[in-house]
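Right, one structure below, let's go through it.
We name chains A, B, ... by the order of the sequence lines, and we start the count at 1 in each one.
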2 protein chains.
Amino acid sequence: MKDKRHLKQELYNLFARVANAMSNPHRLELLDLLVQAPRTVEELAREANLSIANTSQHLQRLKQARLVLDEREGVYIRYYLADPAVARLWLELRCVAAQQLAEVEHTLDAYRNRRHAFETISADELRARIRTQKIVLLDVRPTVEYKAAHLPDAVSIPLDELEERLNELPKRKTIVAYCRGPFCVYADQALERLAALGWKVARLEEGVAEWQLAGLPLEA
Amino acid sequence: MKDKRHLKQELYNLFARVANAMSNPHRLELLDLLVQAPRTVEELAREANLSIANTSQHLQRLKQARLVLDEREGVYIRYYLADPAVARLWLELRCVAAQQLAEVEHTLDAYRNRRHAFETISADELRARIRTQKIVLLDVRPTVEYKAAHLPDAVSIPLDELEERLNELPKRKTIVAYCRGPFCVYADQALERLAALGWKVARLEEGVAEWQLAGLPLEA
DNA sequence: TTAATATTCAATAGAATACTTGAATATTAA
DNA sequence: TTAATATTCAAGTATTCTATTGAATATTAA
């Protein structure tokens, strides 16, 4: 009975190992990117603004904790989320932090300074209005992410192609943009430009991960 | 646009801070205890087998991350979970670890070596059978935890009082025991004794946290 | 006030972590 | 085979984390 204590400790060790893998901001950013789409080390390093070696090491810690898996693809190695449950855990962590740490709200307001500038539309309302054909749902994430998974009926125009492809957006419809989720500014930036050019706009705060967590369908 | 990067980093820092608070096995054990019921530093130290000073320091890290709060009660200071969302995060972490790390299953089998010895009963089945009055639902956790919250119609007999209070359990009914959840051995130990004495027994794997997460009602 | 007690603080040593650099490995294409 | 490239490994250093110890603080009871 008494010697069981170390087994209990061992269990807590294992749980702590997973939390430990998530206890570094860079690793969380990598996870966050992988929630959107699988990527190679080089891509992840570029997007997270890290050195290749450092990125590789962080990825290996995520892999040891079984949060991500990797797969060789020719000369590249592609990392991807080990399980949808990992995305859920990451969303839950963000949710607790946002709920409990007032600094999150403050920092988010500074980061997404256009955050309150546009009408926001709920997932339910979106589903209702998309049927009436009065809106266009716009996915402004990079193409790889759109290809990995996107919301039903969403049109893809990555943020950095928006300027050249404005003609694809009908003037008389409301443009509802979304991106990686409530902690991403891509949609805000797209909407700011579109609003200045005369479109009626609205933002969907949810990204594909939140959408999926809510049990709503995705397209691949 | 470019100087926003540090704001994004700041957000990831905040999220990582929460994960960091959960990245130590002792802190997870303290959290786990607090999910069951609020407790003083001394109680937590005793139950987690830590020195007082060490416990205090760990609790302060949990408090900094806003996972727990404290409240002075005379000469004692009582710690409690900051929010039910924290319990959800902890359950989600355990779930991911159990799902992804094979070692968790192995260690759990060693820790709960009677794990597969008894019939297990699902929450749904319990709710159905408790109406027919053919079972007694037995909460074997310490009294403070039972008082903090317990399942509807549950009878409290803490594990260490079981021997003296056997007469409170009707012989002709099936005893369904539960404790802190799937990673706790209290119920197994109670059932082992009861089965040896001739009761029909079954185990409910869920604890109050899992029960609550499933949206089921609790009693206080 | 004073004594007793619960908790926190401060200082320390030893372990783990993060990032950089340059070398090593593995695959593809020539 | 060889060269080129993506990724990992290894070593070193600065930083952070953990547990212990003993002192400091805050509350209650005398």
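For the residue pair B:N54 and B:H26, no side-chain donor N or O sits within less than 3.5 Å of a side-chain acceptor on the partner. Checking A:D32 against B:Y12 by side-chain atom types alone, a donor-acceptor pair falls below 3.5 Å. Between the side chains of A:D70 and A:Y80, no donor-acceptor pair of N or O atoms lies under 3.5 Å. A donor-acceptor contact under 3.5 angstrom links the side chains of A:R61 and A:N20, judged on distance only.
If you take CZ of B:R78 and P of C:dT8, they are 13 Å apart, rounded to a whole angstrom. Note: CD (A:E42) to P (D:dT5) measures 11 Å, nearest angstrom. B:L44 has its CG atom 10 Å from the P atom of C:dT8, to the nearest Å. Nucleotide D:dT27 holds its C1' atom 15 Å from the CG atom of B:D70, rounded to whole Å. Going from atom CD of B:Q64 over to atom C1' of C:dC9 covers 13 Å, rounded to whole Å. Note: CD (B:E71) to P (D:dA26) measures 19 Å, nearest angstrom. Between A:R17 atom CZ and C:dA16 atom C1' the separation is 14 Å, expressed in whole Å. Between B:I52 atom CD1 and C:dT8 atom P the separation is 10 Å, expressed in whole Å.
Within the 4.0 Å cut-off from OP1 or OP2 of C:dT8, not a single side-chain nitrogen or oxygen of B:Y76 is found. OP1 or OP2 of C:dT8 sits under 4.0 Å from a side-chain N or O of B:Y79.
Between A:R203 and A:E192 there is no salt bridge, since no side-chain N of the basic residue sits under 4.0 Å from a carboxylate O of the acidic one. Using a cutoff of 4.0 Å between basic side-chain nitrogens and carboxylate oxygens, A:E92 and B:R94 are not scored as salt-bridged. Looking at A:R115 and A:E105, a side-chain N of the basic residue comes within less than 4.0 Å of a carboxylate O on the acidic one, giving a salt bridge.
Comparing A:G74 and B:E43 against DNA chain C, the residue whose closest nucleotide sits nearer the 5' end is B:E43.
Closest approach to the B:S56 side chain among C:dC9, D:dT8, C:dT8 is made by C:dT8 (side chain taken as heavy atoms from C-beta onward). Of the listed nucleotides (D:dC9, C:dT7, D:dT7), D:dT7 has the atom at the smallest distance from the side chain of A:T40.
Nucleotide D:dT21 forms a Watson-Crick or G-U wobble pair with C:dA10, both donor-acceptor distances falling under 3.5 Å. Pair assignment for D:dT27 gives C:dA4, based on Watson-Crick or G-U wobble hydrogen-bonding distances that are each under 3.5 Å.
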In the 5'-to-3' direction, what one-character label does each nucleotide of nucleotides 16-21 of chain D receive under the scheme B = base within less than 4.0 Å of a protein heavy atom, S = sugar-phosphate only, - = no such atom?
-SSBBB

